[in-house]
Structures are given as structure tokens and as C-alpha cells.
Amino acid sequence: MTERHDRPTVDIEEVLVRYMVEQRLSRRDLLERIAKVGAYAALAPIIAACTGSGASAAPSAAPSSAPPPSTAPTPTPAPTPVPSPESELFVYNWTDYIGEKTIPDFEKKYGIKVTYDFFSNTDEAYAKLGDDGGGYDVSFPISVDIPAFVAKGALLELDKSLLPNIVNLGAEWANPGYDPDNAHSVPYMWWTTGVGYDTTKIKGTPTSSKALWDESYAKHISMLDDWQEAFGMALIQLGYSANTTDTGQLDEALALLQKQKPLVRVYSTDTIGTLSSGDVWIGQIWGADTYAIQGENENVVFYLPEEGAVRGSDTMAIFSGAKHPIAAHLFIDYMLDAKVSAANTNFIYYMGPNEAAKEFIDPAILGDPALNPEQAIISKLQELLDLGQTVRDEYLSRWQTLRGG
Amino acid sequence: MADAPDARRIGPVVGTASLAGAEPRASLGNRLAGAVLLVPGVAWLTLFFVVPLAMIFVVSLGSRDALDRVVLDQLSLDNYRRAFDPTFLPTFLNSLRYAAATTVLSLAIGYPIAYWISRYGGRHKALLLVLVMLPFWTSYLIRTYAWMIILRDNGVANWALQAVGLTNEPLILLNTDFSVILGMTYGFLPFAILPLYVSIDRLDPALVAAARDLYANGRAAFLRVTLPLTMPGIVAATILTFIPAIGDFVTPDLLGGAETTTIAKVIQELFLEGRDWPFGAALGFLLMVITLGGTLIALRPLRTEVVGA
């Protein structure tokens with residue numbers, strides 16, 4: 001609590017939630033109590049807790065006083081008891097995808113012991129998570145995959161009363177297409193797919209994705225080895241939706257990509273390797289890789305094509321087999337805190353959807369168009385969707401035609 | 001020669017079954033003991049080859065539900081029908097082309113090396129064989145990355161070519177057919193050299209000497225004596241390079257480019273991004289059948305020589 005932001009409203013809300021959790025009160029109980037005894041009387045103990053000794057008194061932050069997981073009988077009778085947060089939490093995230101102090105601070109603050117494991121690709125992660133989380137409470141699936149997880153019943157519906165910080169999300173993230181109302185997931189970080197090029201090899205400053213079709217760069221162009229990204233870029237260049245289900249438009253996109261293929265050096269997701277080695281002069285890249293590429297080759301710059309581009313995001317979700325759901329909610333809420341979110345961004349160089357965090361984010365990141373594009377371009381970004389089996393097969397068969405032919 | 005037993009030890013492992021025919025008839029007790037000794041090998045093959053292959057086959061007959069899970073309630077050959085779609089023909093031919101080129105090159109490079117070690121290695125034979133296997137001490141992935149560094153536009157090879165004055169600007173070596181075949185040949189060469197060495201080393205030099213006595217020139221002696229008698233080694237080397245080469249995923253993925261897609265890559269994509277296990281299984285099973293069929297055909301003309309029956 002000590003390092004949290006100073007704005008009192010949010011602080012009180014946070015303490016309120018923690019108080020409710022501690023007292024095993026639900027939000028409805030509190031409202032009922034307010035109705036019966038009046039607001040002041042109902043809130044008095046909480047306000048006292050807030051104003052009293054500030055930081056450490058109110059929450060049961062000391063690890064020693066952390067309640068044992070759920071078994072202890074409640075002294076306070078409550079009609080719909082909310083269990084107190086469990087003393088453990090199992091989190092499964094991408095490698096290097098969180099602030100360096102985020103987890104230790106969370107542990108210190110709530111007295112919850114976090115087992116934090118990481119993965120480097122979704123194949124590995126999703127296999128381990130299975131249909132119920134495979135022992136993990138919280139993980140970070142890509143937004144595109146949320147519908148499939150929800151359909152499998154793999155995700156717990158989020159209890160928004162335990163996520164007061166969700167108000168920190170920017171308006172455009174309140175109701176994303178992949179998960180209406182953020183019912184099962186909360187956006188964590190987002191990125192864009194654009195073009196990176198070596199300024200010593202490319203003439204002028206390209207602004208369109210058509211630069212990737214420029215014959216004077218033949219055999220020094222790369223595209224991502226990812227059917228949805230490659231087709232997404234072609235479709236957007238043609239003025240269509242990156243998630244089109246129209247096979248006629250897909251055929252046009254295929255023709256466009258086939259025209260490009262003889263110029264392409266390699267289809268690869270290792271853009272850090274190809275652009276820094278000098279083999280590729282201009283390539284489709286994930287914006288978030290720009291920093292890593294510049295670390296190897298400082299002449300590489302990034303832009304989002306004026307036609308529009310693809311945006312992707314990772315989410316935080318609680319899995320259906322979670323043994324520590326309350327601690328999991330507490331963790332997600334903590335991650336939604338403005339300062340925590342900003343600290344994560346400042347460490348990993350990804351923009352989050354957290355509007356309230358912006359004032360704490362490093363100005364260098366906020367000012368970098370690769371990470372935080374201008375509003376005019378943001379409005380042209382399209383999030384990739386899970387298109388379902390039939391449409392996916394239409395994309396994939398054309399992708400195989402492109403790659404094989 | 002102190003190293004001779006070492007060299008010979010490779011024989012029965014990699015080599016052929018021709019020894020079996022020469023063995024005296026075994027008694028019942030010996031045969032029982034032999035059967036017992038076979039158990040671990042058979043169990044291993046069953047557990048890690050037959051069972052997975054059967055699983056792949058069963059999955060390949062299935063279909064997917066709406067959530068991409070494999071469903072086996074209506075088995076059909078639909079996936080095999082899809083596999084013969086002309087879309088996959090160029091990819092499959094690509095894989096065949098790489099595997100064939102790798103095999104031919106491995107034999108062409110490996111045979112003289114094996115021959116030289118066997119005939120002129122002298123007391124250094126064991127050391128030379130260790131040198132052949134030395135690359136295995138480093139991860140294959142790391143060695144392939146090393147090729148990327150050598151072959152790229154600003155790499156060692158292009159630097160050398162320009163330093164010598166053969167080229168003025170970088171040649172595109174990486175991400176081409178050339179780099180894929182080079183990488184695969186490099187990777188599979190030891191698998192060719194070892195069986196070739198075994199069969200060449202077992203060839204009695206007196207036979208070649210006899211041919212020369214009968215007025216065969218060097219070429220004729222090689223073509224009519226050495227080559228036919230080392231054919232079992234050549235077949236073993238072919239099988240040991242061709243089979244892994246046709247299914248190789250790592251080398252084309254790292255050293256290949258836009259035009260070098262292989263069937264292994266397509267299978268990987270179907271399983272992971274396409275979430276189409278039944279179709280991926282069908283392609284994988286077909287690849288396996290074609291490889292096994294090809295192996296059997298390759299072995300056929302040699303059966304009398306190799307197996308001895």
C-alpha cells in the first residue's frame with residue numbers, strides 16, 4: 001500500500017474491498033448494512049481502518065497473519081460468505097513479461113506466496129494449461145484464443161466486485177470483440193504488427209505496407225511466418241477487414257501475397273535475427289520486437305502502415321480449475337492498479353490498456369510511435385479474431401498454397 | 001593393431017545381418033535365451049514405434065469437433081483424400097528433392113572419406129572415426145545457427161568470396177536451396193560415413209589384389225569388386241540419411257527461405273496453428289508409409305546379399 005498512488009478515492013475503494021474480503025462481506029452485504037444502519041455507521045470501521053494507521057494496519061498484510069486457506073470457521077456470520085484470499089497463488093506467464101518487482105511486491109503486500117512459472121510459446125503453454133489451468137490459477141492467453149478457452153469451459157467468469165481497479169481500463173477496452181464485457185479475461189498488454197526497416201538500405205521513409213512489395217528490395221524482404229498476420233496485412237492493404245470471411249477477398253489477398261513471394265527472402269518470426277543480421281532490409285515485424293532489433297542494429301526503425309494494421313493483446317484470465325480464485329482476483333486487480341501497470345510497462349516496453357497508468361509511464365515509451373501510436377492510427381488498428389474452424393481452414397489452405405507453390 | 005577391436009565393434013551394430021547365416025545352428029536352450037534377450041528390444045519398438053504409429057493412424061481417420069478436438073466416432077478416409085490435393089504436391093516434391101540431394105551428396109562425400117580411413121587410416125583409424133563423430137558433441141541446433149552466421153550476407157563466406165575477388169557484392173547464400181542442402185548434408189554426413197566405413201573395412205583387400213592380378217585396372221577393380229561388395233554399407237548409408245532427411249524440420253526451418261517449404265513444416269503447421277490433428281496425422285502417416293515402402297524397395301535387390309537368405 002505504501003507505494004500505491006496518492007489519489008484517495010482509489011485507495012479507499014481498494015481498502016474497502018480488502019476489508020470486505022477480510023470480514024467476509026460481499027458488496028451486497030455492505031449495501032444491505034448501509035440500508036439498515038445508514039452509510040456512516042456501516043462504513044465507519046472501514047473509514048477508521050483507512051484513516052487510522054494508514055498503510056499497514058488495515059489490510060492483513062503481514063505474512064504471518066495470512067489466514068489459512070478457507071478452512072477456518074468464520075466468527076462473523078454472513079449469509080453469502082466471500083472466502084478470504086488463499087495463502088498461495090500459481091501464475092503462468094510469458095518469459096520477461098512483467099515488472100521485476102511486481103511479484104515480490106504483491107507477495108509482500110498481501111502475504112500470498114506466488115509460484116510464478118513462465119513459458120515462451122503458446123503451444124507449450126496451452127498444452128500445459130489444458131482445459132482447467134493444469135494447476136495454475138492465473139495465466140496470460142492471447143486475446144484471439146479467449147473464445148476457444150471460454151467454449152471449453154476453461155475460464156472462470158470474473159467476479160467484477162473483486163476487481164475495482166478494472167475502471168482503470170481505457171474505454172476502448174471495456175467491451176472487446178473476443179470477450180464481451182471482459183467477462184472471462186482482462187486485457188494485460190497490447191502490441192501492433194507493422195514494418196521495420198534498415199534506414200541505411202531503404203531509400204526515403206516508407207509509410208505504406210506496399211514498401212514490402214517493392215522490387216528494388218527483392219530477396220531482402222521478410223514476412224512473418226504466421227498465416228493470420230501475413231493475410232491480415234494483405235487484406236488491410238486491399239482495404240478489407242483483417243478478419244474477413246469472404247473467400248473472394250481471401251483469393252485477392254492470396255494473389256497479392258503470391259505476387260510478393262518471389263521478392264521475399266524468408267517467412268520467419270525471428271525478425272530480431274533477420275533484421276539485425278543485414279539479410280533482411282525491410283520486414284513485417286511485431287512492434288514490440290523493435291527495441292530488441294535496435295539493440296543489435298540501431299539503424300532499424302518501425303512504422304505502422306498508413307492503410308492500417310493489426311493489433312494484438314494478451315489477457316489475464318483465471319482458469320476453471322483454480323484452487324485459489326480469491327487470491328487470483330486479488331492478483332488481477334493488483335495488476336490493474338495504475339502504478340503497477342505502469343511499472344510493468346516501464347520494464348517490458350509494452351503498452352497496456354490501462355488509461356490511469358499513463359501518467360506513470362516513462363515519457364520515452366509514451367512518445368514512441370512503435371509502442372504508443374498516434375490516435376489517428378490507433379483508430380485504424382484491427383484486433384485479430386478467432387475465425388472458427390471453417391474460415392481458419394480457408395486461410396490455412398491458401399497459406400499452404402502460397403508457401404508450397 | 002591395438003585399435004582394431006574398437007573399429008570392429010561398430011560392425012555388428014550398424015552393419016548387416018550377414019553374420020547370422022554363418023552362425024552354427026543354435027540349440028533349443030540358446031534359442032530360448034535369444035528370445036529372452038529380444039524382449040527389451042521388441043518391447044521398446046512396440047511401445048515407442050508401433051503404438052504411436054497406430055495412434056497416428058487412428059487419429060488420421062477421425063475428424064474435429066467445433067472446438068478442434070479429435071473425434072473418432074465416424075472414421076473415414078477423408079483426410080487421405082485431402083492429402084492428395086495438388087496443393088501439397090510441390091511441397092512434397094521439395095522434401096523429396098532435398099532428401100535425395102542430401103543422400104547423393106552424403107554418399108559422394110562419405111564414401112571416399114570412409115575408404116580413406118579404412119585403407120590409409122592405419123593406427124589412427126579409431127581417432128579418425130572419433131573425429132567423424134565429433135560434431136555430435138555439440139547440439140545440432142547450435143551447429144545450424146553457426147551455418148547461418150557463416151552464410152548470411154555479411155557472413156564469413158561472403159567476406160571470403162569478396163576478399164578473394166570472386167564477387168563484388170554479397171551473394172545470397174542463406175535462405176536458399178543451396179543452404180538447406182548444405183546444412184542437411186553437413187548434418188547427415190556422419191550417418192553415411194559410419195556404415196560405409198564398416199562395410200569397406202570388412203572387405204578383404206586380397207579380393208581387390210586378386211582382381212588386379214587378373215588384369216583389372218583400378219577402375220574396373222573398384223566397380224566390379226569393391227563397389228558391389230560394399231553395397232550393403234551403401235544401402236545402410238542411404239537409408240540412414242534419406243529417412244531422417246525427408247522428415248527433417250529444423251534445417252529447412254532455420255536455413256531455408258521463402259521458397260523452401262517442406263512437408264514436415266506443413267505437418268507442424270497443421271498440428272499447431274491449424275489445430276487440425278486428423279489431417280496432420282494423415283499427412284504424417286503417409287510420409288511414414290512412403291518412407292517405409294521406399295526402404296523396403298531399396299533393400300529388395302540386396303536381400304540375398306544383405307540378409308543372406
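Reminder, nothing fancy here: chain letters follow the sequence lines and each chain counts from 1. Every value quoted in this text rests on a predicted model; they were computed, and no experiment measured them.
Residue Gln228(A) holds its CD atom at 10.0 Å from CD of Glu273(B), rounded to the nearest 0.5 Å. Rounded to the nearest 0.5 angstrom, Arg64(B) CZ and Asp393(A) CG are separated by 4.5 Å.
A distance-only check finds a donor-acceptor pair linking the side chain of Gln389(A) to the backbone of Asp65(B) [under 3.5 Å]. Checking side-chain atoms of Arg265(A) against main-chain N and O of Gly257(B) turns up no donor-acceptor pair under 3.5 Å.
In this structure, no portion of Asn121(A) lies under 4.5 Å from any heavy atom of chain B. For chain A, the nearby part of Phe88(B) is the side chain; its heavy atoms alone come within less than 4.5 Å.
The nearest pair of heavy atoms linking Thr87(B) to Ser397(A) is CG2-O, 4.2 Å. When every heavy atom of Pro90(B) is checked against every heavy atom of Gly404(A), the shortest pair comes out as CB-O, 3.4 Å. Considering all non-hydrogen atoms of both residues, Arg275(B) and Ala148(A) come closest at NH1-CB, 4.2 Å.
Scanning residues 277-290 of chain A against chain B with a 4.5 Å heavy-atom cutoff picks out Ser277(A), Gly278(A), Asp279(A), ordered by number. Residues of residues 167-186 of chain B placed with any heavy atom under 4.5 Å of a heavy atom in chain A are listed by number as Ile172(B), Leu174(B), Asn175(B).
Taking Leu396(A), Asp225(A), Asp270(A), Leu402(A) one by one and counting their heavy-atom pairs under 4.5 Å with chain B, the maximum is reached by Asp225(A).
Side-chain contact between Gln400(A) and Asp85(B) is absent, with no heavy atoms from C-beta onward closer than 4.5 Å. Residues Arg403(A) and Thr91(B) fail the side-chain proximity criterion, which asks for heavy atoms closer than 4.5 Å.
No side-chain donor-acceptor contact under 3.5 Å links Glu269(B) and Trp227(A).
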